[in-house]
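All values below come from the heavy atoms of this structure, side chains included, with hydrogens, waters and symmetry mates left out.
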Amino acid sequence: MSVSAVLGLIEVSLREAGLDLSSVGELATVDGKADEAGIVAAAARLGVPLRTYPARELALVAVPHPSAEVLAVVGTPSVAEAAALAGGGELLVAKRTSGKGRVTCAVARRRLLNVGLGYTGGETPEC
């Protein structure tokens, strides 16, 4: 996953909520993707922290679009929405995928705007 794919999907998702890149407070995902180059580079370009959560913690977050496939592979029924909502807040943009389905993004408003990222295709269903 490239940084341009990650940033592109973040921009599209934020635009849907009437926001821009300067609104992002952090990027979030599952621990297993903490070293994913595209996510790490996107956080660096945005100048925001990358927060990661254990799959078992994300599995406790109620989400509107859980996935049995993601649960089977990652150990949580959601990554993008759960990571965006972890710690509370309001889901502004439900999970959406990039054109090739490799990147997943959801946006939630907390004190900081939190963007959860994941995969929905290829060798890793969601991060």
Side-chain angles (χ1 to χ4, degrees):
M1 149 181 54
S2 70
V3 65
S4 61
V6 173
L7 289 172
L9 187 56
I10 291 171
E11 285 185 83
V12 167
S13 300
L14 290 171
R15 195 172 316 124
E16 183 177 322
L19 301 165
D20 62 32
L21 288 174
S22 66
S23 303
V24 177
E26 69 180 23
L27 300 185
T29 192
V30 69
D31 284 346
K33 296 297 175 186
D35 296 324
E36 190 68 41
I39 295 172
V40 171
R45 287 199 190 168
L46 293 171
V48 298
L50 174 60
R51 178 178 296 216
T52 63
Y53 297 93
R56 67 185 175 283
E57 188 175 329
L58 293 179
L60 300 174
V61 178
V63 297
H65 304 99
S67 166
E69 180 182 353
V70 173
L71 175 61
V73 176
V74 183
T76 175
S78 172
V79 174
E81 288 178 339
L85 288 167
E90 169 194 3
L91 191 64
L92 299 179
V93 179
K95 74 176 178 182
R96 53 186 313 116
T97 60
S98 62
K100 295 182 181 178
R102 297 243 336 128
V103 182
T104 304
C105 179
V107 179
R109 183 183 313 269
R110 297 189 316 208
R111 283 183 280 144
L112 299 174
L113 189 65
N114 193 28
V115 176
L117 296 169
Y119 287 134
T120 59
E123 67 273 359
T124 307
E126 197 167 321
C127 73

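With hydrogens and angles ignored, the 3.5 Å screen pairs a side-chain donor or acceptor of Lys95 with a backbone N or O of His65. Looking only at distances, no side-chain donor or acceptor of Ser98 sits under 3.5 Å from a matching main-chain atom of Leu9.
We find the CG-CZ distance between Leu21 and Arg45 to be 11.5 Å, quoted to the nearest 0.5 Å. Rounding to the nearest 0.5 angstrom, the gap separating the CG atom in Leu85 from the CD atom in Glu90 is 9.5 Å. To the nearest 0.5 Å, atoms CG (Leu71) and CG (Leu58) are separated by 12.0 Å. Note that the CG atom of Leu27 and the CD1 atom of Ile39 stand 8.0 Å from one another [nearest 0.5 Å]. Summarising the geometry, atom OG1 belonging to Thr52 is positioned 12.5 Å from atom NZ belonging to Lys33; distances are rounded to the nearest 0.5 Å.
Scanning all heavy atoms of the two residues, the minimum distance from Ala34 to Leu50 falls at O-CD2, 3.8 Å. Nearest heavy-atom pair across Thr104 and Ala80 is CG2-CB, 3.6 Å. When all heavy atoms of Glu81 and Pro64 are compared, the closest pair comes out as OE1-CD, 3.4 Å. Minimum interatomic distance between Ala82 and Ser78 (heavy atoms only, all atoms of both residues): N-OG, 3.1 Å. The shortest heavy-atom contact between Ala28 and Tyr53 is CB-CE1, 3.9 Å. The two residues Ala106 and Leu91 have their closest heavy-atom pair at CB-CD1, 4.2 Å.
Screening Val93, Leu19, Leu92 for a side chain to side chain contact (heavy atoms under 4.5 Å, CB included) with Ser13, the sole residue that qualifies is Val93.
Here the side chains of Arg96 and Val12 are in contact, with some heavy-atom distance below 4.5 Å.
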